[in-house]
Amino acid sequence: MTLFEAMFAPRHDDHGKARTAGLPIRRLPFPERVTVPLAQHIGKPARACVRIGQPVARGELIAEADGFVSIPHHAPVSGTVEALPLLTMADGRRTPAIAIRTDPSSLQCRLPLPPAVDPLTLTPDALAAAVQATGLVGLGGAAFPTHVKMSPPREARLDTLLVNGCECEPFLTADHRVMVEHTAALMAGIRYAMHALGVHRALIGVENDKPAALAAMAAQLPADRSIQCRVLPTRYPQGAEKMLIRSVLQREVPSGKLPADIGVVVNNVGTLTMLGELLPRRAGLIERVVTVSGPGVQQAGNYLIPLGTRIGDVLRHAGMAPGDMEVILGGPMMGISAPSLDVPVTKGLSGILVFPAGSLPVRERRSCIRCGQCLDACPMGLNPSLLGQLAAKQEYEQSARHGVLDCIECGACTQGCPSGIPLLQYNRISKSVLRQRRPS
């Protein structure tokens, strides 16, 4: 039995999704304090614009974007700025942050917003600027600033907005519930993105294990067929944008290129839903839907959680079982182990999974046996074994020549390796080093 099979037995008929897929989204109670990292996105960290002791209202701007590839942050709760600490993130990075103690007497209403605006009346440049002001990033996990995706190069010849509703990772159902419960906002966000990109076609890719989501969207698709659904077989890692482009459009993104180079921009359904909700009101992103599941929690579900909430506060509300637990942030294939329950919920966090300690198989690390299973598993046609060896020797430029930057970090190579070699982790190290050496 592989690690993947053992992890999800006896549930691998539904990949752990059945427990939460039918439950409506619930709001998590506001915690006593939140800590908002200023670098919870790809790009330059934001600049704090508040001081210690300053009262802030829920939705108020607390950090300004520092350049184009940067985003602002807004207060997730009404309260008082308690500290401006240096915070250690789940991946080990240290970033400035803003800690806010929640006002227990506040009704936690949003800061009064300016008059609503029709985003479809804005020019594409003005629309992109308005998107940046919301602080929105890709909510599927990458946390890439949304306004940057909506500002393609002038020479790009775009024809399709591809909307990612696959959510193929086991256990995760946040996108599924968003599609079911917030369909109108999703359709509005799709139209805003189409306007910003200047395209006249949007295709929503949804796997066939989500009939409720498909039914909800079918009822609101426009009669002019400018927005259409494509039902796809349930297959991992189809949610990766290059895989989705291949499945829906039968196009290949060349090595070293971006989807925009072949006429496509890909956005996650959660991202576009928040776009549809935030943009007309000119509001900031202060909360997101997160799947909390796994055998280690008693009240699994999809929770609307204020950004900056401690993972420990989330799990206490969800009823984490007593005893030692292993906590995964994100999905089980691409997520990372939580180093501490003090790390906060960020804009890119889609799931928190809890397993009793010792319930996940531990494989002894051995030498590569040249079996080739990682080559068969890699959907990008890479040689993970070779890339792992190069990373172990710190030959990062050689890794680049052998395509490590094309790795989509799906984890299939690691799960399939009989020698227990952490190939995905090696690739992540190589990519991180290369990006530091080659700043964009």
Side-chain angles (χ1 to χ4, degrees), residues 11 13-28 136 138-141 146 161-194 202-223 225-236 238-239 244 247-248 266-280 285 287-294 297 299-305 314 318 330-331 345 347-353:
R11 286 179 169 265
D13 56 325
D14 60 40
H15 301 125
K17 294 177 181 282
R19 187 180 179 194
T20 59
L23 299 176
I25 297 168
R26 291 173 282 175
R27 177 176 290 282
L28 193 85
L136 187 60
L139 301 184
T146 302
L161 170 65
L162 188 52
V163 183
N164 187 351
C166 286
E167 196 172 39
C168 56
E169 277 248 34
F171 286 94
L172 303 186
T173 59
D175 284 350
H176 178 200
R177 293 311 309 176
V178 165
M179 287 186 281
V180 171
E181 299 182 43
H182 299 280
T183 319
L186 171 59
M187 293 299 166
I190 291 173
R191 287 192 291 272
Y192 302 155
M194 292 172 67
L203 301 177
I204 311 171
V206 184
E207 292 188 336
N208 58 13
D209 63 346
K210 302 174 180 62
L214 286 164
M217 289 189 292
Q220 297 203 32
L221 292 175
R225 296 180 58 81
S226 57
I227 305 173
Q228 302 176 39
C229 272
R230 292 287 187 269
V231 183
L232 304 170
T234 301
R235 180 183 302 140
Y236 184 84
Q238 196 161 222
L244 186 62
S247 295
V248 176
V266 183
N267 276 117
N268 168 266
V269 290
T271 308
L272 294 177
T273 299
M274 290 307 300
L275 183 70
E277 291 184 1
L278 299 174
L279 197 55
L285 179 65
E287 56 196 4
R288 68 154 297 153
V289 179
V290 180
T291 300
V292 183
S293 190
V297 291
Q299 299 177 46
N302 288 293
Y303 292 90
L304 185 61
I305 303 176
V314 176
V345 171
K347 295 182 179 184
L349 181 65
S350 56
I352 305 171
L353 307 180

Are any of the side-chain heavy atoms of [X] and [Y] separated by less than 4.5 Å?
X: Glu167; Y: Val206; value: no
X: Met274; Y: His182; value: no
X: Val178; Y: Leu186; value: no

Tell me whether [X] contacts the main-chain N or O of [Y] through its side chain, where contact means a donor paired with an acceptor under 3.5 Å.
X: Gln238; Y: Pro233; value: yes
X: Arg26; Y: Asn302; value: no
X: Lys17; Y: Pro170; value: no
X: Lys210; Y: Cys166; value: yes
X: Arg288; Y: Leu349; value: yes

Taking all non-hydrogen atoms of both residues into account, name the closest pair between [X] and [Y] and its distance.
X: Ala193; Y: Leu272; value: CB-CD2, 3.9 Å
X: Val292; Y: Ala318; value: CG1-CB, 3.8 Å
X: Tyr192; Y: Pro280; value: OH-CG, 3.3 Å
X: Arg177; Y: Ala21; value: NH1-O, 2.9 Å
X: Ser350; Y: Gly140; value: OG-O, 4.4 Å
X: Gly205; Y: Leu244; value: CA-CD1, 4.5 Å

Distance (rounded to the nearest 0.5 Å) between [X] [atom1] and [Y] [atom2]:
X: Arg19; Y: Thr291; atom1: CZ; atom2: OG1; answer: 12.0 Å
X: Thr273; Y: Met179; atom1: OG1; atom2: CE; answer: 8.5 Å
X: Leu214; Y: Asn208; atom1: CG; atom2: CG; answer: 8.0 Å
X: Asn164; Y: Asn268; atom1: CG; atom2: CG; answer: 6.0 Å
X: Leu161; Y: Ile190; atom1: CG; atom2: CD1; answer: 6.5 Å
X: His176; Y: Glu181; atom1: NE2; atom2: CD; answer: 9.5 Å

Item to complete: For the pair Leu23 and Gln299, evaluate side-chain contact (heavy atoms from CB on, under 4.5 Å) and give the outcome as yes or no after the intermediate values.
Response: CA-CA 11 Å; Leu23 299 176; Gln299 299 177 46; over 6 Å; no
Item to complete: Would you please say whether a donor-acceptor pair under 3.5 Å links the side chains of Thr173 and Thr20?
Response: yes
Worksheet entry | Test item: side-chain donor near acceptor, Thr183 and Gln220, under 3.5 Å | no
Item to complete: Evaluate the criterion side-chain contact (heavy atoms from CB on, under 4.5 Å) for residue pair Val163 and Asn267; output intermediate values, then yes/no.
Response: CA-CA 5 Å; Val163 183; Asn267 276 117; 5.8 Å; no
Worksheet item: side-chain contact (heavy atoms from CB on, under 4.5 Å) between Leu28 and Val314: does it pass, once the steps are laid out?
Response: CA-CA 8 Å; Leu28 193 85; Val314 176; 3.9 Å; yes
